> 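This structure is in structure tokens; I'll ask about it shortly.
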Amino acid sequence: FAFINSTILAILDSFGPISTGCYINGGPVYRMFFVLPLLIYFFLAVAILLYSNYKLKMERSALLSLSETYIEHENKFRRQLIKYTIVFIITWSAPLIHHLAQVMGHYNKYLAIADVVGLSLQAFGNS
């Protein structure tokens with residue numbers, strides 16, 4: 001997504017200064033090139049979280065017949081998946097809301113601050 005979006009925006013000469021809060025010029029349609037992939041990833045993360053919780057509840061009885069080591073390993077993997085997904089959702093919620101507001105033409109100082117904090121937390125979590 002990122003490569004394709006960047007290429008399309010470069011061809012359309014839609015990159016501009018970041019002083020307006022978004023580096024993409026050309027109005028809401030062009031800004032959707034940034035928001036749409038983020039929105040897709042966000043909803044995929046929510047779907048993964050819901051699906052993993054559903055599978056965990058449905059397979060709880062089936063896991064009882066397996067060895068304790070396998071059950072511990074499986075549960076540890078699922079907990080880790082759930083943790084990473086929750087962290088992704090938390091850290092990208094503010095940037096997503098901020099950019100959706102920008103696409104709709106609303107500029108809010110507090111959303112911009114929340115965007116920066118969310119991105120900083122995401123960078124901290126990656127390190």
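Note that this is a predicted model, so its numbers are computed, not measured.
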> Would you compute the distance between atom CG of Leu121 and atom CH2 of Trp92 and round it to the nearest 0.5 angstrom?
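Here the interatomic distance stands at 11.5 Å.
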> How close do Asp115 and His98 get, heavy atom to heavy atom, and via which atoms?
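Heavy-atom minimum between the residues: OD2-ND1, 2.7 Å.
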> If hydrophobic clusters are built by linking Ile, Leu, Val, Met, Phe, Trp and Tyr wherever their side-chain heavy atoms come under 4.5 Å apart, do Ile90 and Val46 end up in the same one?
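Yes, same cluster.
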> Using the rule that Ile, Leu, Val, Met, Phe, Trp and Tyr join whenever any side-chain heavy atoms are under 4.5 Å apart, tell me whether Ile48 and Ile40 fall into a single cluster.
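No, Ile48 and Ile40 fall in different hydrophobic clusters.
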> Return the OG1 to CG distance between Thr85 and Leu44, rounded to the nearest 0.5 Å.
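One gets 10.5 Å once the value is rounded to the nearest 0.5 Å.
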> Is there a path from Ile86 to Leu39 through hydrophobic residues (I, L, V, M, F, W, Y) whose side chains come within less than 4.5 Å of each other?
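In one cluster: yes.
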> Is it the case that one hydrophobic cluster holds both Val87 and Leu96, taking links as side-chain heavy atoms less than 4.5 Å apart, direct or via other members?
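No, it is not one cluster - the side chains of Val87 and Leu96 are not joined through contacts under 4.5 Å.
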> Provide the closest heavy-atom pair for Ala114 versus Ala94 in the form atom of the first, atom of the second, distance.
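Residues Ala114 and Ala94, closest heavy atoms: O-CB, 3.4 Å.
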> For the CD1 atom of Ile82 and the CD atom of Gln80, what is their distance to the nearest 0.5 Å?
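Rounded to the nearest 0.5 Å, the CD1-CD separation comes to 10.5 Å.
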> Would Phe43 and Leu49 show up in the same hydrophobic cluster when neighbours are defined by side-chain heavy atoms closer than 4.5 Å?
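In one cluster with Phe43: Leu49, yes.
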> Indicate the atoms forming the closest heavy-atom contact of Phe42 with Phe88, along with that distance.
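Nearest pair, atom of Phe42 first, then Phe88: CA-CE2, 3.9 Å.
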